[in-house]
A.B. asks: 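Have a look at this one before I ask anything.
Keep in mind that this is a model prediction, so the values were computed, not measured. The basis for the numbers below is simple: all heavy atoms, side chains too, and nothing from hydrogens, waters or symmetry mates.
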Amino acid sequence: MTVNSTLDIVLRNDTGAAELYAHITGKDDQGLLLIGNDGTKPNRPASPASPMQPIPPEWAIQVGGPGSSRTVRVPRMEGGRIWFCKDKPLALFVNPGPALVEPSATNPSDPNHDLDWGFCEFTWNQQQLYANVSFVDFVGLPVSLQLKTTNGAIKSVPGMPSDGLAKVCAKLEEQARRDGRPWDKLVIRDKIGKALRALSPVAGEMLHASLFDGYYQPYVDAVWAKYAKEDLTVDTQSIWGQVKGRVEAGDKLTFGTISFGKPSAADVFSCSTGPFAGGQGVTGEQLNIGARLAAALNRSTLLDNGDQPEGEKVNLYYGHAITNHYARVCHETSIGGRGYAFPYDDVGSSHDQPDQSGFVNAPNPRELTVGVGKPVDG
């Protein structure tokens, strides 16, 4: 158990921008909070009478110019994000609740659309600090993490290299030329043609409806045909143990009383719609199995591995022509291959396999350093 009630976070500007701005948002038992521009005081926006009320831009934390660092101190919070933006603060808003209106990478009318921004995620509770870099929405401004603990241990996630975005965009455009699918439409450029971000397929479909319609169907059809003839074993890695499934009448992949219809590409990429959706009547066991199926479909390993996820090997992920090439490119480009590239990228074998999800955690954190622009180097 941790004993400190606050956590020191070092923010570093290695972007080359004349000024880097940070916003720290999250929730505690009193609701929404933002850390003020002094880097320590929790600000609590009141619930407004109408939507989209601006949060004062002067709440933004100035990190400083190139090579600068600034230490801030945060209280315990969950669902935390540290947002970064080059050259000017992000425009943040609050809705009745109060509820934070986050910047959108998929809305061209969002006032932050043409800005160069990114974020990392963290939760700092009574049990531990957990922080991660995420590409689930997009790849943009490189963010890295280094966690120092009170016993001297150091854990790190280097994230993307300084030229990571350019490499990701080039690889997505190359994949589009190779297979004729719209991976290039995930690349967002500014008015002069410079890459601003690379969207995930889910985010891309928010801009371009039906972008990947039908993409996964041949692969899913082949999976369903395979497991109509043989069992698929899923280890829930939880209280339900191992379960076996087969495709049965009605074209449903069935595990006892739990069944999954064929997912669409949008269902696979989101991991949360169609047969993978939650809601009334959906049990924890069904969500657990669905997470492992969705992960295997994103990585295109179900045809080759009927022992999910314990039989998985990271070096065999994304080997099929039909796969989540955005996730493949993210892992190929990020240093050490780490960083969430789809919602269940933390699913994996419990055997000794490289971490894919790009997190650091500890029950006894001393200091978290967040590097922006290039990996933390010490």
Side-chain angles (χ1 to χ4, degrees), residues 15-17 83-87 90 102-120 133-144 158-216 265-266 268-271 298-300 317-318 320-335 337-343 345 356 358 372-375:
T15 67
W83 309 83
F84 298 97
C85 189
K86 292 165 63 175
D87 300 320
L90 287 166
E102 298 180 345
S104 172
T106 59
N107 179 5
S109 65
D110 187 287
N112 305 295
H113 183 267
D114 294 327
L115 301 181
D116 193 354
W117 56 278
F119 63 88
C120 66
V133 297
S134 176
F135 313 130
V136 169
D137 298 325
F138 63 91
V139 174
L141 200 57
V143 177
S144 64
M160 287 286 173
S162 56
D163 60 349
L165 175 60
K167 288 180 176 178
V168 167
C169 292
K171 290 178 182 180
L172 288 172
E173 290 167 342
E174 170 59 27
Q175 184 61 40
R177 291 190 290 270
R178 184 180 300 127
D179 67 8
R181 306 300 299 204
W183 302 101
D184 56 324
K185 290 189 179 297
L186 301 178
V187 177
I188 304 298
R189 298 186 181 276
D190 64 16
K191 296 173 182 177
I192 62 173
K194 181 182 177 182
L196 269 179
R197 58 192 68 94
L199 301 179
S200 70
V202 173
E205 290 198 327
M206 293 181 185
L207 279 180
H208 309 285
S210 307
L211 189 64
F212 286 97
D213 273 8
Y215 174 69
Y216 259 99
V268 172
F269 290 137
S270 74
C271 303
N298 273 280
R299 297 163 176 160
S300 298
Y317 290 173
Y318 311 110
H320 197 279
I322 298 174
T323 195
N324 184 340
H325 286 290
Y326 169 82
R328 172 184 64 79
V329 165
C330 285
H331 286 297
E332 282 181 1
T333 308
S334 62
I335 300 169
R338 299 172 65 203
Y340 271 92
F342 62 89
D345 213 357
Q356 294 286 284
V372 187
K374 71 174 187 179

A.B. asks: Parallel, tilted or perpendicular: which describes the rings of F138 and W117, with under 30° parallel and over 60° perpendicular?
C.D. replies: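 Perpendicular, since the angle between the ring planes exceeds 60°.
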A.B. asks: With rounding to the nearest 0.5 angstrom, report the CG to OH distance, N324 to Y215.
C.D. replies: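 Between atom CG of N324 and atom OH of Y215 there are 8.0 Å.
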A.B. asks: Go through the structure and list residues passing salt bridge (charged side-chain N to carboxylate O under 4.0 Å, His left out) with D116, not counting sequence neighbours.
C.D. replies: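 Partners of D116 under the salt bridge (charged side-chain N to carboxylate O under 4.0 Å, His left out) test: K86.
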A.B. asks: Would you say R299 and D345 make side-chain contact, with heavy atoms under 4.5 Å?
C.D. replies: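 Yes; the side chains approach each other to less than 4.5 Å.
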A.B. asks: Show the nearest heavy-atom pair for residues P343 and S270, with the distance to one decimal.
C.D. replies: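 Residues P343 and S270, closest heavy atoms: CG-O, 3.4 Å.
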A.B. asks: Considering residues at least two apart in sequence or located in another chain, which fulfil the salt bridge (charged side-chain N to carboxylate O under 4.0 Å, His left out) criterion with E173?
C.D. replies: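 Once residues adjacent in sequence are excluded, the partners of E173 under the salt bridge (charged side-chain N to carboxylate O under 4.0 Å, His left out) criterion are R189.
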A.B. asks: Would you give the length of the straight line joining atom CD of E102 to atom CG of D110, rounded to the nearest 0.5 angstrom?
C.D. replies: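 Answer for the CD-CG pair, E102 versus D110, is 11.0 Å.
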A.B. asks: Any side-chain heavy atom of V143 sitting closer than 4.5 Å to one from F119?
C.D. replies: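 No, their side chains stay 4.5 Å or more apart.
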A.B. asks: Within this structure, what is the CZ-OG1 distance for the pair R328 and T333, rounded to the nearest 0.5 Å?
C.D. replies: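 Taking CZ in R328 and OG1 in T333, the distance rounds to 8.5 Å.
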A.B. asks: In Å, rounded to the nearest 0.5 Å, how long is the span from NE2 of H325 to CG of N298?
C.D. replies: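 With rounding to 0.5 Å, NE2 (H325) is 11.5 Å from CG (N298).
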A.B. asks: Run the salt-bridge test on R177 and E174 with the 4.0 Å N-O cut-off and return the result as yes or no.
C.D. replies: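 Judged by the 4.0 Å cut-off on N to carboxylate O distance, R177 and E174 do form a salt bridge.
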A.B. asks: Restricting to non-hydrogen atoms, name the atom on P375 and the atom on S144 that form the minimum distance, rounded to 0.1 Å.
C.D. replies: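 Residues P375 and S144, closest heavy atoms: CA-OG, 3.3 Å.
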A.B. asks: Under the ring pair (Phe, Tyr, Trp, His ring centres under 6.0 Å) rule, what do Y326 and F342 come out as? Steps first, then yes or no, please.
C.D. replies: CA-CA 9 Å; Y326 169 82; F342 62 89; 9.8 Å; no
A.B. asks: Tell me, please, which residues at least two apart from K185 pass salt bridge (charged side-chain N to carboxylate O under 4.0 Å, His left out).
C.D. replies: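 Scan of K185 (salt bridge (charged side-chain N to carboxylate O under 4.0 Å, His left out), adjacent residues dropped) gives none.
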A.B. asks: Once salt bridge (charged side-chain N to carboxylate O under 4.0 Å, His left out) is applied, do any residues pair with R181, and if so which ones, sequence neighbours excluded?
C.D. replies: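 Here no residue qualifies.
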A.B. asks: For residues 196-211, dump all side-chain donor-acceptor pairs below 3.5 Å to protein atoms at least two apart in sequence or in another chain.
C.D. replies:
| from | atom 1 | to | atom 2 | distance (Å) |
| --- | --- | --- | --- | --- |
| R197 | NH1 | H113 | O | 3.0 |
| R197 | NH2 | H113 | O | 3.2 |
| R197 | NH2 | L115 | O | 2.8 |
| S200 | OG | V136 | O | 2.9 |
| S200 | OG | D137 | O | 3.4 |
| S200 | OG | A203 | N | 3.2 |
| E205 | OE2 | F212 | N | 2.9 |
| S210 | OG | D213 | OD2 | 3.2 |

A.B. asks: Could you state the interatomic distance from OG (S109) to CG (N112), rounded to the nearest 0.5 Å?
C.D. replies: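 S109 atom OG to N112 atom CG measures 11.0 Å (nearest 0.5 Å).
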A.B. asks: State the NZ-CG distance between K167 and D163, to the nearest 0.5 angstrom.
C.D. replies: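 That separation rounds to 4.0 Å.
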A.B. asks: What I'd like to find out is whether the side chain of S300 reaches to under 4.5 Å of the side chain of Y216, using heavy atoms alone.
C.D. replies: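 Yes, their side chains come closer than 4.5 Å.
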A.B. asks: Among all residues two or more places apart in sequence or in another chain, which pass the side-chain contact (heavy atoms from CB on, under 4.5 Å) test with S334?
C.D. replies: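 Residues passing side-chain contact (heavy atoms from CB on, under 4.5 Å) with S334: F135, M160.
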A.B. asks: With side chains defined as the heavy atoms from C-beta onward, is the minimum distance between P142 and L165 less than 4.5 Å?
C.D. replies: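 Counting from C-beta outward, P142 and L165 never come under 4.5 Å.
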